[in-house]
Structures are given as structure tokens and as C-alpha cells.
Amino acid sequence: MQIPIPVSTVGLLFCSNLFMTFAWYGHLRYRSTALPLVIITSWAIAFFEYVLQVPANRIGYGYFSAAELKTIQEVISLTVFMGFSAFWLHEPLRWNHLVGFALIVLAAWIIFKEW
């Protein structure tokens, strides 16, 4: 049984964004760690982000346009980041963050709408 293209694309992009978010922001929890170690660790984590992201875009392109793939990635990225900032960095999500993210989701809807 083959996994449908939208499911595999979104699933791989979601997983790649988990790695990306930790590579970009995970070190903020460890501010006393030496910067060279943080950079090397972030690069190592980002490798796995690319291992998932490149196949996701290869699989999804053709079913989705490049603009749609980027839009999916951005919505997933913001969704992952909201959870990450709340649970990993212990930062509260404020109403203006939620409204701003909702406006981005509205923009995604506009991109995907058949006009």
C-alpha cells in the first residue's frame, strides 16, 4: 500500500520542522554552552532536517506547486514553533501571536483556494 502524496509530504515536512526548530532555537535553553559547540550541534541536527525536507519536496512537487509546498512548510513551521516555544522554552503564547499566526493560516487558505 502506497502512502498518499499529501500525507507523506506533510508528514515528512512536519518531522523535518521538528529538527529545524531544535537546530535553530533549541540551544536558547542552554545559553551558557559555548557558541562553537552550539553551532556544531545545530548543524548536526539540521542534517536530519534536510534528510526529511528534501524528499518531502521531491515527493510533493507536481502534486503541489512550489508556492503551495512553501506555504505548507511555513504553516507547519509556525505550528511546531508554537508548541516548541511553549513547552521547550516555557514562553507564553500571547493573543497577538495567535492572531498573527491565524492571519498566516488565512494567507495559506488564499494560496490554496481555487480562484
Does one hydrophobic cluster hold both Leu89 and Trp24, with members joined at side-chain heavy-atom distances below 4.5 Å? yes
Please examine the side chains of Pro6 and Phe64, heavy atoms only from C-beta on, and report whether any two atoms are closer than 4.5 Å. yes
Just wondering, are more than 12 heavy atoms of other shown residues or ligands nearer than 6.0 Å to CZ in Arg58? no
Drop me the distance from Cys15's SG to Glu49's CD, to the nearest 0.5 angstrom. 11.5 Å
Please work out whether the ring planes of Phe84 and Tyr25 are parallel, tilted or perpendicular, with thresholds of 30° and 60°. tilted
Could you go through the side chain to side chain contact (heavy atoms under 4.5 Å, CB included) check for Leu98 and Met82 one step at a time? CA-CA 9 Å; Leu98 298 174; Met82 284 192 302; 3.9 Å; yes
Check this for me: Tyr30, atom OH, are more than 12 non-hydrogen atoms of other residues, nucleotides or ligands nearer than 6.0 Å? yes
Residue pair Ala46 / Ala23: nearest heavy atoms and the distance that separates them: N-CB, 3.9 Å
Hphob cluster co-occupancy, Tyr63 + Ile59, side-chain heavy atoms under 4.5 angstrom: yes
I'd like to check Glu68 versus Gln73 (side-chain heavy atoms, cut-off strictly below 4.5 Å). Are they in contact? no
Shortest non-hydrogen contact from Ser77 to Asn17? CB-OD1, 3.2 Å
Polar side-chain atom of Glu74 near backbone of Thr71 as donor-acceptor pair, under 3.5 Å: no
Do you know the tightest heavy-atom contact between Thr9 and Ala56? CG2-O, 3.6 Å
Give the minimum heavy-atom separation between Trp88 and Arg29, together with the two atoms involved. CE3-NH1, 2.8 Å
For the hydrophobic clusters of this structure (ILVMFWY residues joined by side-chain heavy atoms under 4.5 Å, transitively), does one cluster hold both Ile45 and Phe47? yes
Considering all heavy atoms, the nearest Ile76-Val10 contact: CD1-O, 3.8 Å
Report, as yes or no, whether the 6.0 Å neighbourhood of atom CG on Leu28 holds more than 12 heavy atoms from other residues, nucleotides or ligands. yes
Hey, would you say the Phe81 and Phe101 ring centroids sit under 6.0 Å apart? no
State yes or no: do Leu18 and Phe48 share one hydrophobic cluster built from I, L, V, M, F, W and Y residues joined by side-chain heavy-atom distances below 4.5 Å, directly or via other members? yes
Grab the two heavy atoms, one from Leu69 and one from Leu13, that are nearest each other, plus how far apart they are. O-CD1, 4.4 Å
NE2 on His27 to CG on Leu37, rounded to 0.5 Å: 11.5 Å
Among Val51, Leu52, Thr21, which residue satisfies the side chain to side chain contact (heavy atoms under 4.5 Å, CB included) criterion with Ser16? Leu52
Do other residues, nucleotides or ligands put more than 12 heavy atoms under 6.0 Å from the CZ atom of Phe112? yes
Any side-chain heavy atom of Arg94 within less than 4.5 Å of one from Pro92? yes
